[in-house]
Amino acid sequence: MLGSVPHPAASDQLDELLQALNPPQREAVTWPGGPLLVLAGAGSGKTRVLTHRIAWLIGTERARPGEILSITFTNRAAQEMRERVELLLGRDTRSMWLMTFHSACARILRAEAPRLGYTRTFTIYDQADSRRLVKRCLDELGLDTKRYTPAAIQHQISAAKNWLRSAEDYRQLVGDHFETIVADVYQLYERDLHRMNAMDFDDLLLRVVNVLELFPEVKARYATAFRHILVDEYQDTNHAQYRLLQLLSGDEDNLSVVGDDDQSIYGFRQADIRNILDFQDDFPAAKIVRLEQNYRSTQTILSAANAVVSHNRGRMGKSLWTDVGEGDPIVIRELDDEHAEARYVVGEIERIVDEGVSRAEIAVFYRMNSQSRVLEDTLVRREIAYQVIGGTKFYERSEIKDAIAYLSVLANEQDVISFQRIANAPRRGIGQTSLSRVLSHAETVGITVWEAAAGAALVPGLGTAAVRALDRFMATMSSLRDRAVQDVPVGDLLEAVLHESGYFEWLEAERTIEAQGRTENLHELIEVAREFDAAAASRDDAMRPLEAFLAQIALVADADSRRDDEGLITLMTLHNAKGLEYPIVFIIGCEEGVFPHSRSIDEGSLEEERRLCYVGITRAMRNLTMTYARRRAVFGAHAMGLASRFLSEIPPDLVEGGSNAAAAAGPQIRARPHSWAQTQTEAPPSDLRMGDDVVHAAFGEGVVTGVEPGGIVVVRFAGDGSERKLMAGYAPITKR
DNA sequence: CGTAAATGTTTTTTT
DNA sequence: AACATTTACG
């Protein structure tokens, strides 16, 4: 209908556009300009508001397509937005900036990065690359990577960057010993990144803010170019993103943000819920529109979601309603362990599918990716087609990362992390020792790794075998680079890389199923490159094909590969589920310690877990089932589970079995608040407490310094001062 | 330098 | 339990 209208500028077509909206939606869509906050409850049509607003801005000639910047968090959301706007406008939207924060920033930086001392061909490091670099820095500083784990340090650095704190800023704020270490690593890490002409994910945001703050003329240029900025999922913005929007939105503050404080679930990534809570303080003139009518779920599901999230404090307050009716009650099931849970869920799925429901209408959500495994086993055994979203992503597979590392080195010869990765993959006799000699030679002489490796004979300490291996390797690489600079199609280049480097041969020689799978993945990557080449003609950016390809895939996530219409059951984490809807939803692993996750209990981020639960529940349109297991294998050991507190926050009259469900099902449905999942062992429970004096048959006298789940006690022995962990039920210890 | 065994680590959630 | 990293040895 609307999609067939070529030019909606005519007023009757605008009327038609607006008629599809309810009054508050229409109010938001037609707000003429200035700051606008749309508080959009789950399923209340927020994407609809965004897309219609874009169409309305263009239709009423308040903005030209090129003057619109519409930001989302995921590529999937961006793509969906583009498709829907295209349908509304009936014309192509290529000149509009409809993209994620990270892609928009990468695009700006490809033009502006030289101002910060990077070239346009800078490499984007993902979290794994970044972590590897952090580890290198730790090694370089002679720090123990067990005491200071790269993951923890990297997280700290990432957090600092999201708060726009440079290494120097961070050092000023150091409070304890750990932070001093982080400050040292951060400084070195930044130096290395810059030397390698590389940026991590956080840099993409941070560096754009830097450029805009340092160069007023650049800021003015972009702020003028983007006359209207629209932001989706505003509750998930962090400080860097907040600042970025501030810089870009210019004097008119034509900033429309859409979000739901109850769906803020990215605090661990420094998302700052205050950005949405304080929007009115930041922009006193802001118009605020609330969307509370839900078009997705039954009233039962909405009531459950409302009830759960009402346990949170500090909300803007909002209550979803619908006029579609009560619907079916929510099902809550207790199972023995994760296998029984999987069998139950899959059994129910089979039953529902037999009734004629399409598999594409069913989704299973869980807290952690690791929970998908058992479910997958069961689905495979019952021969039910499924897809898993997220988890080990295509672009995180080692063979894919190897292939991309080859391309990165060809595009950016300073990229040490990638060079390190490929130098001996496949094995070609360039071991750890030789490689670090080359790297340190490059460092001391002040040349790139590429140059150092190409002149292997000049590297001190290298054996003749190593020199010959390096010469051969670099001959191959040079030949490949010759083709790269001639801009041969990326697909051809990649294929040449994988053949001439000996990578394919290497995999073939393994003769294993896994190697075969890896080969297939690589061919898939070549296919991706060929598609990229085919689309190259329609791209107007001035980038070289190889650079453009690398830039594009660096920001692609697996979640973008979701397919809806193929008769597949969908499995994903609750985080990945945001923004989606399914008629039939299962949420598994609703146990204390799993969901809410034990770490969020420790860190006091329970409210965020509760919001995650709210997100999960509100994905369901017709039927919702929540399950938990009394026992679950964690790290290979068995752990006892108690029903999640969130289950007890759902009013019993919404649950199958009626208001007396809790009584009928026994205590298992009622979570004991503040109880913990405990590790179960065969060992009898011990009555040892912290501080008890004990005697051990072999180690002698000691004192209990800690009690851990699973009947494990930590004892410090007087004899040698050692601290040992013992199984209280088994170890020959007695209390004195 | 490469392989195999031993040891250690991981499981929050993601652009 | 599965995977990565480190160590020991040929």
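Proteins come first, then strands; the chains are lettered A, B, ... in the order of their sequence lines, and each starts at number 1.
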Inset, instruction - Evaluate the criterion side-chain contact (heavy atoms from CB on, under 4.5 Å) for residue pair A/Q371 and A/R632; output intermediate values, then yes/no. - result: CA-CA 10 Å; A/Q371 289 173 263; A/R632 181 178 297 276; 4.1 Å; yes

Rounded off to whole Å, could you give me the [atom1]-to-[atom2] distance for the [X] and [N] pair?
| X | N | atom1 | atom2 | value |
| --- | --- | --- | --- | --- |
| A/I71 | B/dT15 | CD1 | C1' | 13 Å |
| A/R611 | B/dT13 | CZ | C1' | 13 Å |
| A/M199 | B/dT15 | CE | C1' | 16 Å |
| A/N162 | B/dT15 | CG | P | 14 Å |
| A/I265 | B/dT14 | CD1 | P | 9 Å |
| A/R131 | B/dT10 | CZ | C1' | 11 Å |
| A/K135 | C/dA4 | NZ | P | 14 Å |
| A/Y395 | B/dT14 | OH | P | 18 Å |

Just checking [X]: base, sugar-phosphate only, or nothing, at a heavy-atom cut-off of under 4.0 Å?
| X | result |
| --- | --- |
| A/D202 | nothing |
| A/F268 | base |
| A/E603 | base |
| A/S370 | base |
| A/T433 | sugar-phosphate |
| A/Y266 | sugar-phosphate |
| A/Q127 | base |

Legend entry - Selection from B/dT14, B/dC1, C/dA2 that lies nearest to any side-chain heavy atom of A/S434: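 Of the options given, the side chain of A/S434 lies nearest B/dC1.
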
Legend entry - Candidates B/dT13, C/dA2, B/dT11 - which lies nearest the side chain of A/R373: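 The answer is C/dA2, which lies nearest to the side chain.
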
Give a yes/no on whether any side-chain N or O of [X] is located under 4.0 angstrom from OP1 or OP2 of [N].
| X | N | value |
| --- | --- | --- |
| A/R427 | B/dT3 | yes |
| A/N424 | B/dC1 | no |
| A/N576 | B/dT13 | no |
| A/T74 | B/dT14 | no |
| A/N369 | B/dT13 | yes |

Legend entry - DNA chain B: 5'-proximal contact among A/Q432 and A/S600 (nearest heavy atom):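 The residue closer to the strand's 5' end, by nearest nucleotide, is A/Q432.
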
Inset, instruction - On DNA chain B, check which nucleotide each of A/H575 and A/A151 is closest to and give me the residue with the more 5' one. - result: A/A151

Inset, instruction - Using the C1' atom on both, measure C/dT6 against B/dT11 and round to a whole Å. - result: 22 Å

Legend entry - A/I404 CD1 to A/T123 OG1 distance, which is reported to the nearest 0.5 Å: 11.5 Å

Inset, instruction - Hey, could you give me the OH/CG distance between A/Y242 and A/L205, rounded to the nearest 0.5 Å? - result: 15.5 Å

Legend entry - Residue pair A/Q154 / A/Q156, side-chain donor-acceptor N/O under 3.5 Å: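 Judged by distance alone, the side chains do not pair up.
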
Legend entry - Donor-acceptor pair between A/Q79 and A/R82 side chains, under 3.5 angstrom: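 No, because no side-chain N or O of A/Q79 sits under 3.5 Å from a partner of the opposite role on A/R82.
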
Inset, instruction - Look at the side chain of A/S434 and the backbone N and O of A/I430, then say whether any donor-acceptor pair between them is shorter than 3.5 Å. - result: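 Pair absent, no side-chain N/O of A/S434 close to backbone of A/I430.
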
